[in-house]
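The block underneath contains the structure these notes are about, expressed in structure tokens.
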Amino acid sequence: MGTNMLTGRIIKGVGGNYTVTAPDGRDFVCQARGLFRKHEITPLVGDLVEISNVDETQLTGYLHQILPRTNELVRPRVANVDQAVVVCAVRPVVNLPMLDAFLINCQMQGVKSILCINKIDLCDAESYAEVAQIYTMAGYQTLAVSAETGAGMDELNAVLAGKTTIFAGPSGVGKSSILNHLHPDLGLTTGGLSEKIGRGKHTTRHTQLIKLGQGTYVVDSPGFTNISIDKIPKADLQHYYPEFAPYLGSCFFAKCAHLQEPDCAVKEQVGKTIHPRRYGQYKNFMEAVK
């Protein structure tokens, strides 16, 4: 038996056992104290924790305390994330409404998003240039990469350095392939696209943190294809479009929804600083939210 207490970070949780990585790189398998269940506290992947009853030989311990979180994502359940890389693929086609829903979801949870367009080896530059332009205009950093050829990977690596990043996006867009390219020793399972249905197979089973370097982690989380935005209050949706921000409050009507109203500062910018496709999607979402 060595030290009785240690501070570390939960990188994986399966069936009540939590893998906590210590600052020196060792991994301890820990169980949560009964107190956690009693107070209905769920330890999350990404949590900074204190562990007690540390056994240096068996590399075991107990979760003693969860340190304050900077943020907590609902889906997937993970804490202390610095940024999200939202991945889309140019083949078969970029699903723009779904992409917008993912970006809104990240913003609602207070996580900065970076757009990553994958599989650029499968088409010419023009095919993804418009998608890149739409989101660059909206204020998102946009990267174009190929997990196959390695194009754009240095730039992506630089974005990840020193941060905890969640990879989000529907199944089959190549999230695991990108991570495998960045770090070949990961050996993550990749499902590829099922040819019959053209949708990705769910290949990642548990949310976990993967250490890529000192202070650099990525969250490999189950791919999910359906993001629901219909619970957002109508009046809040405009705040999840960063390109609207400079014009909010400048409309003639104080409670302008930027739809049919006259003298709307947001509508005046459509085709100028606001891309028509993004504005069109905003209108569609406004019909969908209750």
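Atoms considered below: every heavy atom in the structure, side chains included; atoms not considered: hydrogens, waters and symmetry mates.
Counting heavy atoms from C-beta on, the side chains of I134 and Y140 never come closer than 4.5 Å. Residues L48 and R9 form a side-chain contact, since some pair of their non-hydrogen atoms from C-beta on lies under 4.5 Å apart. When side chains are defined from C-beta on, F167 does not count as touching I210, because their heavy atoms never get closer than 4.5 Å. The shortest distance between side-chain heavy atoms of F252 and P262 does not fall below 4.5 Å. Between L44 and R69, the closest side-chain pair of non-hydrogen atoms falls below 4.5 Å. C116 places a side-chain heavy atom less than 4.5 Å from the side chain of I178. Here the side chains of M5 and Q65 are not in contact, with every heavy-atom distance at 4.5 Å or above. Annotation: side chain of V49 is not in contact with side chain of P43 (no heavy-atom distance under 4.5 Å).
Both I104 and L259 belong to a common hydrophobic cluster when Ile, Leu, Val, Met, Phe, Trp and Tyr are linked at side-chain heavy-atom distances under 4.5 angstrom. Transitive grouping of hydrophobic side chains (ILVMFWY, heavy atoms separated by less than 4.5 Å) keeps V45 and V29 in distinct clusters. Linking ILVMFWY residues whenever their side-chain heavy atoms come closer than 4.5 Å, directly or via other members, places I66 and L63 in the same cluster. Note: the hydrophobic cluster containing L122 does not contain V94 (ILVMFWY, side chain heavy atoms under 4.5 Å, direct or indirect links). Grouping the Ile, Leu, Val, Met, Phe, Trp and Tyr side chains by contacts below 4.5 angstrom, directly or via other members, places L212 with V145.
Closest approach of I120 to A151, counting heavy atoms only: CD1-CB, 4.1 Å. The two residues V270 and P276 have their closest heavy-atom pair at CG1-CA, 3.9 Å. In this structure, L6 and A22 approach most closely via the heavy-atom pair CD1-CB, 4.4 Å. What you find for A84 and V111 is that their closest heavy atoms are N-CG1, 3.5 Å. Looking at every heavy atom in both residues, D230 comes nearest to A288 through CB-O, 3.8 Å. The minimum heavy-atom distance linking H181 with A147 is given by the pair CD2-O, 3.0 Å.
Across I117, N118, L115, L156, a single residue satisfies side-chain contact (heavy atoms from CB on, under 4.5 Å) together with L143, and that is L156. Paired with D100 under the rule salt bridge (Lys or Arg N to Asp or Glu O under 4.0 Å), one option of R278, R277, K283 passes, and it is R278.
In this structure, F244 and Y279 have tilted ring planes: the angle between them lies in the 30° to 60° band. Classified by interplanar angle (parallel below 30°, tilted 30° to 60°, perpendicular above 60°), the ring pair Y282/H258 is tilted.
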Notebook entry, point to check: Yes or no on side chain to side chain contact (heavy atoms under 4.5 Å, CB included) for V266 and L248, after CA distance, side-chain angles and deciding distance?
Noted result: CA-CA 7 Å; V266 169; L248 298 181; 4.1 Å; yes

Item checked: side chain to side chain contact (heavy atoms under 4.5 Å, CB included) between V85 and L160, worked out -> CA-CA 9 Å; V85 168; L160 303 180; 4.2 Å; yes

Next item on the list: Give the C-alpha distance, both sets of side-chain angles, the deciding distance and a yes or no for side chain to side chain contact (heavy atoms under 4.5 Å, CB included) between L67 and T7.
Entry: CA-CA 9 Å; L67 302 175; T7 305; 3.9 Å; yes

Check: Could you go step by step and tell me if N4 and V54 meet the side chain to side chain contact (heavy atoms under 4.5 Å, CB included) rule?
Finding: CA-CA 5 Å; N4 210 29; V54 175; 5.5 Å; no

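No donor-acceptor pair closer than 3.5 Å links the side chain of K175 to the backbone N or O of V87. A side-chain donor-acceptor contact under 3.5 Å links N80 to the backbone of G46. When atom types are taken as modelled, the side chain of D82 and the backbone of T164 share a donor-acceptor pair closer than 3.5 angstrom. Counting only distance, with no hydrogens or angles, the side chain of K234 and the backbone of M286 share a donor-acceptor pair below 3.5 Å.
Other residues, nucleotides and ligands contribute more than 12 heavy atoms inside 6.0 Å of the CZ atom of F36. When the shell of 6.0 Å around CG of D24 is examined, it contains more than 12 heavy atoms from other residues, nucleotides or ligands.
Note that OG1 of T42 is 10.0 Å distant from CG of D47, once rounded to the nearest 0.5 Å. Distance check, rounded to the nearest 0.5 Å: CZ of F28 to OG1 of T21 gives 9.0 Å. With rounding to the nearest 0.5 angstrom, the CD1 atom of I274 is 10.0 Å from the CD atom of E268. A distance of 5.0 Å separates CD1 of I114 from CD of Q141, quoted to the nearest 0.5 Å. Distance CG/L182 to OG1/T216: 11.0 Å, rounded to 0.5 Å. Note that CG of N105 is 5.0 Å distant from CD of Q109, once rounded to the nearest 0.5 Å.
Between Y240 and F285, the distance separating the two ring centers is not shorter than 6.0 angstrom.
Note on K267 versus E261: no salt bridge recorded, every NZ/NE/NH1/NH2 to OD/OE distance being 4.0 Å or above.
D124 and S127 form a side-chain donor-acceptor contact under 3.5 Å, judged by distance and modelled atom types alone.
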